[in-house]
Each structure stands twice: as C-alpha cells, then as structure tokens.
Amino acid sequence: MTSNVTSISRVRAAARDKAERAKVNNRAATALLVVAVVLIVIGLGSTQSASSVVGIDQAADRFYFFKKQLLGVGIGTLALLITSRIDYRIYRKLATPFLILCVGLLIAVPYVSPTIGGAQRWIPLAGFNLQPSELAKLAVVLTLALVLDRKARLLGRFWHFFVPVVAIVGSVGFLMMRQPDLGTLIVIGAAAMAVVMTSATPFRYVVLTTTASASAATMLAFSESYRLRRLDGFLDPWGTASDQGYQLVQSYYALSNGGLFGVGLGASRARWFYLPNAHTDFIFAIIGEETGLIGSLTVVALFTVLAFAGWIVALRAPDSFGRMVAAGITVWLSLQALVNIGGVLGLLPITGIALPFVSFGSAALIVSMAALGILVNIAQQGVPAIRK
Amino acid sequence: MATVTAGRQFNPLKLRLALIGIILLMAWGVVAWRLVQVQVVTAPEIAERGLQQRLVSRELPPQRGKIFDRNGDLLAMTVEAESLYAVPGQVEEPLWVAQQFGTLLGVDPDVLYDRLTSDKDFVYIKRQVDGDVADELLALGVRGVYSLPESTRVYPAGEVASHVVGFVNIDGVGQEGLEIIYEDALRGIPGQELFERDKDGVPIPQGMNDIIPAVPGVDLNTTIDLPLQYQAQQACEDMVAEAEAEACWVVAIEVETGAVLAMTGAPAFDPNTKLTVDGEPFSNFNVRGIYEPGSTQKLITFAAALEEQTVEVGTVFPNVADVLELREGACEFDDDEVHGCYRDFDEHETVDMTVQQIFTQSSNVGTIRVAETLGEERLVEYIQAFGLGTSTGVDYGAEASGILNFAAGCETCWASGAIGYSVAVTPLQMAAAYAAIGNDGVWTTPHIVSSTIDAQGQTEVASLETRVIVSEQTARLMRELLAGVVESGTGQSGQVDGYRVGGKTGTANKLGEDGRYTEETRASFVGMAPIDDPKVVVAVVIDAPSHEYRTGGASAAPVFSRVMEHALHRLGVTPDGIE
C-alpha cells in the first residue's frame, strides 16, 4: 500500500512536473518563434521600403529585392520547420561532415566568387549567391560543442582543450580573413567563446582564450589600411563626413529624422541613394527613420527577448551538448545584432554584417532560421534548470 | 574552479551562463540608451543638418509686367524663349558646332568656337532664341548642347513706341524709358521653390515641396495713343527726309491732364535691337535734349506782361526798329547778339507796333521793349513759373532740367531770355508751358503712365502737381495772340483744316562747338487747338534743317499741322473751324 501510495504520488508528481516543464518549454519556444516572425515581418517591410528606389534603379522593379527576400523567407521557414522537428542530437553525427563541407566551400570561394565591394564571399549557385561564411557560423558552433562535450573529462588538460578549439576556429577564421570578412569572424569568435564558456572548460582557459582572441581581433582590425580608414570614420564621422564617415553620418541623419515617432512607412529620405546599403547592413537606420524611436526600441526589445529566451533554453538544456549549442546560437544571433546596430549607431566601427532576420539577404536569413529551429528543438526538450 | 562556496552548492555553469546573460542585457541596455540619445536628444539639430543636405532652393522668376497704350494695345510684353548653352568639355567637334550653330543663329562662328573650346563649364551659344528654332537645333542631337527656358522681352509696336517704352538688357532689367523708371514695379518679386531632392538631384516624392509663388510685375497703362504715336513718327521721318535735317522731335500732350499722347522722333530706334537706324545709341531728346527755344519763348514774356498789366494787347510801342543796340557799338561785332545787339528776323522799316503786331510778326526788338516794361526780376519769375529751368517731373528717366542763364552782372541776359536765347529747354518743358495757357493758366505735370494693374486691380496714378501761373483772362488773351500767329503771322503753315489753331514759331541758331552761333538752326513750333477750348498741345523741334527749311514756320509748323490734325481726330474733337 505504502509503496503503492508512494508510487502513485510519484507518478502524479512526475506528471505534474512534466506538465510544468512542457509549459515552460513551450513558453520559451513560443517566445523564440514569435520574436523571429515579428522580426522577419519587420524585415520584409523595411526591406521593401529601403530597397524600392534601388530596385527601380538597378532592376526597374521596385519589388525586386522584396521578391528575393520573400523567397528566402519561404526556404527559411522550411528549414526552421525541419530543424525544429529533428532531435538536435543528430548534429553530433552531422557536425563534422558539415564543418568539412563548409571548409571546402570556404576554400573554393576565392576561385569562384564575384568581387563585390572589394570582397569575395560568395559562391554563385542557381541564381543565388551562397555565402559559406553564414553556414560556417552554424558549423563552428555545432562542431565545437561536439568536441568540447566529448572531451568534457579531459578539458582540464590544456592541450586537450586548446588544440581542437584552435583547429576549428582557427581554420575557419583563417579562411574568413582571406575573403576578408572580419565582422563575421568576430561573430563566430563570440559564438565559439559562448560555447567554451558553457562547456566544462576550466575558467582560467576561458579567460586565456578570451584575452587571446580579443587581442587577435584587435590586431586584425589594425592590420589592414582599409579597416583603419573605417576606424577613422567611426572615431570622427563628422570630420570625415564626405568619405569614411559618410555612411555613419547618413545613418545619423536618418535616425534623427525619425525622431520619436518616425516619418512614416515608405517615407524614408535616406533610402534615396543617401544611405549606402540601406536595405542590407543599414536597414536599422531606415527602421529608425520611418518608425522613430518607438520602432527602433521595439526591434531592440525583440532582440533582448530573443537573447533572454535563448538564455533560458541554454539554462534548461537536457544535456551539455544542447546547452553549448543553445548558448552558441543565442550569442551568435545576439552579437551579430549588437555589432550591426552598434555600427549603425556609431557605438562600434562598421563591419559590414547583416541584422539577423531583418536585413536583406536570403543566405543569412535561411541559416539564421535553421539555427533558430535548432534552438526551438532544444527548448522543447528542456528540463528544470541545471543543478549540477 | 571552486565548485563549493561557504558550504552552499554553487554551479559554475549557472554563473557562467548568468555572466553571458548579464553581458548581453547590458549591451542591449547601452544600445537603447544610445538610441534615445540619437533619436531624441540630439535629433533636432542633426535632423536639420540632414534636411539641409537634401534641400534645394530654386528661384522662380516673376513675369515682368506688360505695358499698354491708352487703347489697351501692347507696347511691351514678355514671352517664353529658350537659351541655348553648351558644356565645352562635352562638345566633341567644336569647330563643326561653331560653324553650324553660328551660321543658323547669326553668331560669329569664331567667337562661338572660342567659347566652345574655353575651359568653362557653361557657355551660352545664344540666349533667348525662339522656341521652335531651339527645338530644331536641339534635335540635331549634338553632344554637350542644351537649352534652358528664359523669357525674353518683346516690343510689339517696335520702333513706334520705342522712345517712350525704352528697353531692357539681356537679363530683363530695365535700361531706358518706362522700362527703367518703372523697373521696380514691372519686375515683380521672385518666388522660391524649396524641395527635397535625392542624391542625384531628383525631387523626393514624399519630401517637402514649398513654393512661394513669384509675384508678377504690375502692368502699366500709358497715356500713349499708338496710332497718333505712329503718325507723329511718320511726320517726323518725312520731314527729316524732306528738310535733310539731323533729327525731328515731337511731343503731344493733353491740355487738361498733362497726359502724354505721343512722344517720338526721328531717326527711329528699334528697342528689339536697341539701336537707331544709324546704329547710334538711343536717347529721348523730348525729355533729355535741350535747345534754345527762340521765339516760342515769347509766349512767356507776353503772358507775364499782360498778367502784370504792364501792357495791353492794344498798347502801341512807337518807333520799333529792326535793330536794337543795348550796348554801345554792339552791332558792329559779328556775333552781335551775345554782346547786346538784337535784330528782327527780317529787316523792316521803323514803325509803330501794337503788342499784338509784335507777337504775330515775332519782332525781337518789340518783344524786348515789352520785356523792358516788366523788368528782369519779374520776367525771370514768370520764366520759372512756366517750368523752365526745372525738370517737369514726367515719369521718364534722366529728365533734363534745362538752363536759365541770368547770372548777376549779365546786363543783356534778360533781353536774350525774353526772346528765347540765354535759356535752354526741353521740348516737353515747352509743351507743358503752352499747355498751361491752353488750360486757362494752370500748369500741370506731364505724365505717361495713367494707371497700374496688379493682382488687386487697377490703381490710378496719384494726382499730379498743378499750379496756377496766370489768370484765365491772360490765358485767353494769349490764345488769341497765338491764333493770330497761325492765321496771319509766321505760323500759317501750322493751320489744321476745320479747326482754329494757335501756335508760335521759333527759330534759333545752333551754338557751335566753339561757343559761337552757327548758321544751322533749331526750328520749332508749339501750338494748341481748338483755340477756344484747347485739348491738345503739340511741340515740334527740327534739328538742323537745310536752309530753305531753317525757320519754324517752314519745317516745324507743317509737322505740327499733321500731328495736330491726327490728334484732334483721335480724340474726337468737334471741328470749330471758320472756313
């Protein structure tokens, strides 16, 4: 009897726990999806607004960029549906081949890529420009999480930690700098740091790698004259408003013009050829101009919710691999948004990376949505927050 | 890493995740703070700078006012034209372009070639070309050649009204005549268009577009009667040809109002080319030229004496000779009149003459005897009262005031002044002086513009200065004397069929460049009709006619007659003639 009673209450308690868990898990997953959908809708609207003038100019079609982006949303939705339904543990098997594929593509890039704006980052594929560096973000997060999970008990020994991290991040980083694409490298580095942080790696190694990669990034930033010039534009935009500071100054004009409530949808002035890359890297300035502080703070709030939800997912991940992947993806998306918006606001130098879910660019959108799907999948398998 | 602190279980991973969470949250906090700063705190000033970058202002030129004659016919108007220009750097074959365009547009190809090969960014090929011509040339598709709209001033009446209307320069700014004196009114106020443009200069549809419309210039209604102006000019041109004169000037004014009905002359002048037929620059002698009026001046001397009652019409002056020597031996010198020797135009026996006879036969000696009764002081007073020595105040630029030479110590100047020497007047001054007699002794400021028309409607020109100079009685007596001159005196060729006309001839020798009088004359005639109630005064001056035509009666009076006849017909004056 006693045992029966006990077992019944246990079963009941377990059922209650499970229901409770499902509720929290669903809440996190829903938050992630809602945030993504709202950001994508904002992205579609602002892409149309920001690109219609350029679309008419370049392709005689004001919906030219909108249509391409819509196609990206379609494929991305498919990717999100698939990754959110597949148990994330499958990537333990897929991660390594995926990384090898990415490295292969990155090696191929300089031989096949068109040169756009002094950079070679693309592989032309069936009318699209595939951007391997977008795939590489996901590949690095997955493989690093896999390696650090497998070596969990050996991480106290420096070389067991150091060699795989340097091998994965270093190889991708080296190939990235050939393109060159410092912005994406910074995002990948930050995501890798998040994976390392949430692994069993001793904290002193974490501090060491953080310091080392920060120094490396700083050195890289000063190693190329064009990056130094970008730095001039960042430090003194008004003094260099006609060249290096031009884009930032135009961004300020757009945001200031928006003010509190914005100039209205489709009424942006900056998009009339004043603000370069208005529909890609500087779409946030267009949002700020057309919808004002209200709109721009909404976007900021959405990304904050995304970070918070991702953080909850990492906290509740059922295993350390899931936790590391969740943390890596969350930091990747958050940091990419921060670096992009920071550039638009003059808080950081302009690095030429897109605002996740919002900027025009199908490749980035599809990969981001696939990554979000993985996050959703981990969320749905969440357990009460780690106790050990 | 420590896993246990103070006996409490502590999870390092939780701490690390918390660290990531806090960093991200702080970062987004900084972004939000920055957004408030950029979009609210510094926004007004920065947004204004952004706006200035996009704003373009374009001046909207106002339409220049039109000028009408008294019947509503156009004397001056502005029409749209095209100005052809080139960007020299873009012109590929400057030599070919210079030859083609130069030939077709009447521009010297060499000059054009120099312009097209200059290092400027913008050169005119020709300004204000007719739109059709410009379109035709642009259709050639020559690289680097463009056009821009630019209005141009045209004068439908051409040379007929040119002396009154004047002209504008290539930029449409008044340079002469009414065009310059009414420049401010005619020009209007430029408007401004303020719009936001994109980086290529194209207006942004959603952008601001403020238009302050240009205020068109006011239109001028003049007192000029174009048909009379035409007839007056024809009469002048015919006489210049007939008398081989250098010039002829004629002005007609309405007696009661001072309105200038016609003001013209020969040689003619084309305001579209801005030159006279001889290629001389233009000047309106009627208001700017001065001449010694000769006998026409005697009107003032006699009016003054009658008004002051120092003589009556019938007063007899005994023993009027044909020579008067005011200074001993003056007449023995050649240039006698300067030194106080006065002669009548024709030699005659010494006779007794009435005041009327002296006037009708225009005896210089008799006139000086009449003036003697007044004394110099009163004579000068009347000369000034009749408006000599002072510009009339007509609305025409750079009017001459004439010269009165009554310097202290000049013993004979008063006598010279009495017969129209030692003074210099404009034709318009003389016309105004005669109009005062026609207007029962009231002098009125002559004027050309009667009213202005702007968006608010028509505005009459403010009332003009008038002043009483002599009594109605004196004026009537003077008119009778003038009628006598035309009926039986020196001015018989000034008669007009069907009307009683009064007038006075004048013939004065021209001063040479050396200050001595020459054989050349200025022949003049000033008169009015109908004499009982005069409506029009016409003044005619012929400059240097041939010997046969050298008197006012011979050359000026026929022109007067022709102009007066047309004027009376144009005004619909009932004939009062006694024939």
Side-chain angles (χ1 to χ4, degrees), chain A residues 53 193-194 197-200 202-204 206 249-260 262-264 266-274 288-289 292-293 296-297 300-301 303-304 307-308 310-312 314-315 320 323 327 330-331 334-335 337-338 341-342 345-347 385-388, chain B residues 1-5 8-56 194-209:
Chain A
V53 176
M193 285 311 306
M197 278 274 279
T198 50
S199 72
F203 197 68
R204 58 181 185 279
V206 175
V249 164
Q250 296 303 326
S251 174
Y252 284 152
Y253 284 159
L255 289 164
S256 307
N257 194 31
L260 204 51
V263 294
S268 162
R269 308 291 196 272
R271 65 181 182 148
W272 292 89
F273 310 114
Y274 285 109
E289 185 180 15
L293 184 68
S296 59
L297 275 185
V300 167
F303 275 109
T304 311
F308 185 71
W311 185 73
I312 294 286
L315 202 63
S320 69
R323 180 176 67 235
T330 302
V331 168
S334 297
L335 206 90
L338 279 167
I341 294 176
L345 291 177
L347 287 169
I386 39 175
R387 299 206 177 279
K388 200 224 158 277
Chain B
M1 286 302 293
T3 52
V4 178
T5 309
R8 196 183 141 199
Q9 203 175 35
F10 198 83
N11 191 319
L13 285 176
K14 224 172 172 177
L15 187 70
R16 291 187 192 179
L17 263 174
L19 192 65
I20 293 173
I22 289 167
I23 291 172
L24 287 179
L25 209 64
M26 279 170 56
W28 284 116
V30 170
V31 165
W33 163 81
R34 177 68 176 166
L35 267 175
V36 172
Q37 194 184 38
V38 171
Q39 293 205 268
V40 179
V41 180
T42 62
E45 185 206 336
I46 306 292
E48 175 61 29
R49 285 163 80 166
L51 180 65
Q52 289 310 320
Q53 166 189 255
R54 298 187 299 272
L55 273 188
V56 195
L194 208 60
F195 63 90
E196 282 182 72
R197 49 120 198 228
D198 73 12
K199 215 180 169 212
D200 301 332
V202 180
I204 297 176
Q206 298 92 345
M208 149 210 260
N209 191 356

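Letters go in sequence order (proteins before strands), and every chain restarts at 1.
Taking each heavy atom of B/Arg16 and A/Pro202 in turn, the nearest pair found is NH2-C, 3.6 Å. Residue B/Ala47 comes nearest to A/Ser256 through the heavy atom pair N-CB, 3.6 Å, listed as atom of the first residue, atom of the second, then distance. The nearest pair of heavy atoms linking A/Tyr253 to B/Ile46 is CD2-O, 3.4 Å.
Interface summary for chain B: among A/Leu338, A/Val249, A/Val300, A/Val331, the most heavy-atom pairs under 4.5 angstrom belong to A/Leu338. Interface remark: of the candidates A/Ile341, A/Thr330, A/Leu347, A/Leu347 forms the most heavy-atom pairs closer than 4.5 Å to chain B. Taking chain B as the reference chain and counting heavy-atom pairs below 4.5 Å, the highest number among A/Ser320, A/Ala327, A/Gly292 is found for A/Gly292. Note on A/Val206, A/Asn257, A/Leu293: by heavy-atom pairs under 4.5 Å with chain B, the leading option is A/Leu293. Of the residues considered (B/Val40, B/Leu25, B/Val31), B/Val31 shows the highest number of contacts with chain A, using heavy-atom pairs under 4.5 Å. When each of A/Gly342, A/Ala301, A/Ala307, A/Ser334 is checked for heavy-atom pairs under 4.5 Å with chain B, A/Ser334 comes out on top.
At least one donor-acceptor pair closer than 3.5 Å links the side chain of A/Trp311 to the backbone N or O of B/Leu17. The backbone N or O of A/Gly258 lies less than 3.5 Å from no partner atom in the side chain of B/Gln39, so there is not a single donor-acceptor pair. A distance-only check finds no donor-acceptor pair linking the side chain of B/Glu196 to the backbone of A/Arg269 [under 3.5 Å].
Pairs of residues two or more places apart, or lying in two chains, that qualify as ring pair (Phe, Tyr, Trp, His ring centres under 6.0 Å) and include a residue from residues 12-34 of chain B are A/Phe303-B/Trp28. The side-chain hydrogen bond (donor to acceptor under 3.5 Å, both in side chains) pairs that include a residue from residues 41-51 of chain B are B/Glu48-B/Gln52, where partners are two or more places apart or lie in different chains.
Side chains of A/Thr198 and B/Ile20 form a contact here, defined as non-hydrogen atoms less than 4.5 Å apart. In this structure, the side chains of A/Trp272 and B/Pro205 come closer than 4.5 Å at one or more pairs of heavy atoms. Residues B/Arg54 and A/Tyr274 are in side-chain contact: their nearest non-hydrogen atoms beyond the backbone lie under 4.5 Å apart.
Proximity to chain B involves both the backbone and the side chain of A/Leu260, based on heavy atoms less than 4.5 angstrom apart. With a 4.5 Å cut-off on non-hydrogen atoms, A/Ala337 touches chain B through its backbone and its side chain both. Heavy-atom distances place no part of A/Val53 under 4.5 Å from chain B, backbone and side chain included. In this structure, the portions of B/Val36 lying under 4.5 Å from any heavy atom of chain A include both its backbone and its side chain. Heavy atoms of B/Leu19 lying under 4.5 Å from chain A belong exclusively to its side chain.
The CD1 atom of B/Ile23 sits 6.0 Å away from the CE atom of A/Met197 when rounded to the nearest 0.5 Å.
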